[in-house]
Structure formats: structure tokens, C-alpha cells
Enquirer: 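Quick one: structure below, then a few questions.
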Amino acid sequence: MLDPQLLRNNLDLLADSLTRRDLDLDLDRLVELEERSRRLRHQADEARAAQKEAGRQIATLVDEEKEKAIAAAQDMSDRVKHLSGEADRVRDEFERLWLEMPNLVDATAADGFTEDDAEELRRIGDQPDFDFEILDHSGLGERLGIIDTERAAKVSGSRFGYIRGRAALLELALVRWAMDRVVAEGHEPFLPPVMVREHALVGTGFFPEARDQVYEIPGDDLFLVGTSEVPLAAYHGDEILDRKTLPLRYAGYSSCFRREAGTYGKDTAGIFRVHQFEKVEMFVFCLPEESPSEHDRLLEIEEALVRELEIPYRVVNVAAGDLGASATKKYDIEAWFPGQEAYREITSTSNTTDFQSRRLNIRYRTDDGTTPVHTLNGTACALGRTMLAILENHQQRDGSVIIPQALRPYTGFDVIAP
RNA sequence: GGAGGGGUGGCUGAGCGGUCGAAAGCGACGGUCUUGAAAACCGUUGGGCCCCACUCGGGGUCUCGAGGGUUCGAAUCCCUCCCCCUCCGCCA
């Protein structure tokens, strides 16, 4: 959520941001609702003040004078109820619309509206030059007997996978490796809940925009998170943080659940795009002036991790129209997948400025009140996709896969062979 | 799942239907004292929204788990819901 004051003093900024996102929201209506809501609230407040004053008078009176005063105050209650009811109604209508307003777009976010409009910032690492017929992750998984989508389809349906044997151990190694690395960067490890209440999803900006991507547990009013960003962000909801403790740097490890609605036919081979995967996610609460440098910091960590796995990658500055509601700016790291002959997203980091903290009501104290903190998130390691990138990039002629040096202390083996 | 108890300010904990945003204590912050610190003493100390001044500041309203209701007036009475705790049962 943005500061509603922008409607009063910086309408152009809102309009610009919407244009860059290729969105069309009725700003005039928002301006009008916001103003009406304030006007009605003021009237209701004044009616209520009169009512309370009358009550104070009555308390000092006795006998007939008291009776008369009570009779005179008879209809004040109705007036207050009516006015504050109206004020509430208009306020609710305003907030419902205002929740749909996405974060302002950062001036340095790339222009454009789709994934293809992302601006490539750099390519790191050489794409491997194979002198044999390579396999994609699906072929490798089958040949090595470590990925089983067929039985997963039998048990759970499409877009699920069983990960077996050394691949399972490899993923577990990735978790501990990634955690150790981000802990070394000052992030505190968390194992958060993966089922959350609605307010956590509204608070992080996934609702209302991406509601169709979220699994719902009927009857219990709970939802499965698509990333531990959600429970980590909501962790400090309704709190006033001590600025001396900022920045707070966390890292959550959790399963992630995504409906992947609207992706039918995309990435159908193997387990590149699945409904359930595991991820180590970094999350930061910081002072507003710190968020750009924190964003750079998260990106540096992400790049370092991918480099340590000896995976070629590129960094892109995501286009304004492809940002998602909460981000003001986002970098994706795309790993080279030889089997697809393409760079595909494996990690991502967003600066969400005060968009989430306003919705979640997370602030810090200043000399004259409180101010929303800034929040940022960044993938340390998406286990599934990272494992697939390792398989494809480090495959050998005989169908085996060499484990990157950095992971060997964690896996206990240095190769996955047929 | 069964039985009982409870939800008040950062914490503990009072609060007859009437001027209660709410006693008191603790904590925190500022000051006095001290070479410094502790102790002692003095003072300050929730948040949201809004109006006026639009610099300092002044004022209104909401907020005692949430939502309804009764009443001229509710933290205090009634209803619904949520959450927490204890005991029993079950269980990874």
C-alpha cells in the first residue's frame, strides 16, 4: 500500500508509475473517495464530540434538569451512528481500491511490460562447450534414476516430482550450504510456518493481485505460502521496531506452493515448473535510506552463490510492467540451461520499499512519530531449479554429473553416476 | 475432541454504567546528585485517523481480543466470533 497522501500532493507520480506498469486505475475516483472519506470522518467526529459533551453535562445534572437533558440528547446517538457508518463505508470502498494500487516504480527499473523487456546487465561465466550429445534435466533425471515425474503424476498430478537418491541428498546439501553462506552474511535462519492467514498475504501484496496463484485450505481460513517471504514479512506485523536493531536480516527455509495458473503448456518437461518446491529466502527490514544499498547487497550475495556453484548466469533488471505489485525494482538472476539453450530465472531480489510495511503496519520510531520501514527479499537458493542447473551444466559424456566443489563437503560425494 | 479459566497501555496489574486513554508498580527515556556508575529524588513515557496553526504548537475522534447490541452515556451490561492458558483424551 502506498501513502494515501500521494493522492493529495503527488498525483503525477502515481499516474507515471501506472503508465510504466501499463495499468489503468481510476485515479480520479480514488482522489474523490479519499477526500469524501476524510470529510465524512470529520463530520462524524464532530457529531460524536457533541454527543460526548452532552453526556458530560448530563452527568453533572439531577432531577428534572437531568431528565430534560437526556430527552434532548435522545437523537444524537442516531446521528453519530449514521455519519460514522457512512464514513466507514466510504473508507472501506477507498481501501479496497487503494489495495490494488501497486508500488511506485523505481526510476532505474527497466522500461517495458514483459519478461522479454528485461534489461540484461551482465553475463558471468562461460556457457559449457559440450563435445557430446547433451540431455536436458528431464532426460538426465530419468537416466540417473533421480527424478520421477511419472509416478508423481499418478500420486499427485501434473507439475509434481519425486526427487530420489543422490538428487535428494544434493538438495539437502544445497539447503545447508545456502544457509551457512547467508548466515555468514549476517542473516538469521528461520523455519517459518508455510500456512498463513489471509492478512499475511494481503500484507505482502500477493492479495488481491495474485490470489489465483495461491492454494487455499478450505474450512480453516489458511493459505499455503508461495515463498517464505510471506511469513517472514508478517513476522513483525503491527510492531514498532527499534531503529538501533535495524537492519534485521533473516533467511527462511520452507516449502513453497504455487498453483501456476495460466501456465498450461509452459515448461511441461520434468520439474522445472512445479507446484511445490523448497527455497532458502533472504528477507530484510531496514531504514528507508538503506534499502537501495541492501538491494545491491542481496544481489551480490545471490551472484556469489551462483558463481560458487560454477553455473553460468546473467543478471537482468526486470521491466516495470513485469515487476509484480509490491516491488519498486527487481533483479533476476538467470542461469544458463544448456538443455533449453536459454537463460532461465533461478533467483530474484526485490526492493519493496514501504509497500509491504504499510500494509503490515511495521514501523520504527522517529523524533516526531513513526515511519514505515523498508523491506526487501531475495532468493538465496531455489533448491529444485538450482539442482537442475547443476545437472545440466555439469553433465559428462557418460551421463554422470559432477558435483561443484563448494557442495562436496555437504553432499559427501562428488558425482552422481548412472 | 471433552471440561474449566482468561483476554486492559512495552511488561505486571487495578478498574461502582458517568468527565477512564484508563490507578499503581516495573521498564524505558531525560534531569539532579556523582570523578564515573549504582542508589535516591524530580520529570517524561502507546498507537491510528482528522481539523486548525500548517515552524513551535493547539484541538477533536477512535483504540481496554474482534464484531454487533442495550443506553443520554460502556473497559464496565447482553449476543456472536477469535485467540490464549490449565486438565483429560488422541497424536507426528
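Proteins get letters first, then strands, A, B, ... in listed order; numbering begins at 1 in each.
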Enquirer: Calculate the interatomic distance between A/Ile58 atom CD1 and B/rG17 atom C1'; express it in whole Å.
Expert: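 Value for this atom pair: 13 Å.
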Enquirer: What about the rings of A/Tyr235 and A/Phe190, do their centers lie closer together than 6.0 Å?
Expert: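 Yes: the rings meet the under 6.0 Å criterion.
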Enquirer: For B/rG60, take OP1 and OP2 only and decide whether either is under 4.0 Å from a side-chain N or O of A/Lys52.
Expert: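 For A/Lys52, the contact criterion (side-chain N or O under 4.0 Å from OP1 or OP2 of B/rG60) is not met.
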Enquirer: Rounding to a whole Å, what distance do you find between A/Glu239:CD and B/rG9:C1'?
Expert: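 Distance check: A/Glu239 CD to B/rG9 C1' gives 16 Å.
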Enquirer: From the list B/rG47, B/rC83, B/rC72, which nucleotide is the closest neighbour of the side chain of A/Arg365?
Expert: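 Of B/rG47, B/rC83, B/rC72, B/rG47 is nearest to the side chain of A/Arg365.
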Enquirer: Quick one: is B/rG48 close enough that its OP1 or OP2 comes under 4.0 Å of any side-chain N or O from A/Thr370?
Expert: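 For A/Thr370, the contact criterion (side-chain N or O under 4.0 Å from OP1 or OP2 of B/rG48) is met.
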Enquirer: Write down the distance separating the P atoms in B/rA66 and B/rA75, rounded off to the nearest Å.
Expert: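 Nearest-Å result for B/rA66 against B/rA75 at atom P: 12 Å.
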Enquirer: Do the side-chain N or O atoms of A/Lys81 get closer than 4.0 angstrom to the phosphate oxygens (OP1, OP2) of B/rC72?
Expert: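 Answer is no, no contact under 4.0 Å.
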Enquirer: Is there a side-chain polar atom (N or O) of A/Ser84 under 4.0 Å from OP1 or OP2 of B/rC62?
Expert: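 Checking A/Ser84 against B/rC62: no side-chain N or O falls below 4.0 Å of OP1 or OP2.
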Enquirer: Can you find a side chain N or O atom of A/Arg41 that sits less than 4.0 Å from OP1 or OP2 on B/rC62?
Expert: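 False: A/Arg41 side-chain N/O out of range (4.0 Å or more) of B/rC62 OP1/OP2.
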Enquirer: With respect to the phosphate group of B/rC72, does any side-chain polar atom (N or O) of A/Gln51 fall under 4.0 Å of OP1 or OP2?
Expert: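 So the side-chain polar atoms of A/Gln51 never come under 4.0 Å of the phosphate oxygens OP1 or OP2 of B/rC72.
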Enquirer: B/rU61, OP1 or OP2 - any side-chain N/O from A/Arg38 closer than 4.0 Å?
Expert: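 No, A/Arg38 has no side-chain N/O under 4.0 Å of OP1/OP2 on B/rU61.
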Enquirer: Taking the minimum atom-to-atom distance to the side chain of A/Arg56, which one of B/rG73, B/rG47, B/rU61 wins?
Expert: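 My answer, after comparing the listed nucleotides, is B/rU61.
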Enquirer: Name the one of A/Asp354, A/Ile362, A/Thr352 that satisfies side-chain contact (heavy atoms from CB on, under 4.5 Å) with A/His374?
Expert: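 Among the candidates, only A/Asp354 passes.
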Enquirer: Which one, B/rC51, B/rC72, B/rC62, comes nearest to the side chain of A/Arg48?
Expert: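 For A/Arg48, the side-chain atoms sit closest to B/rC62.
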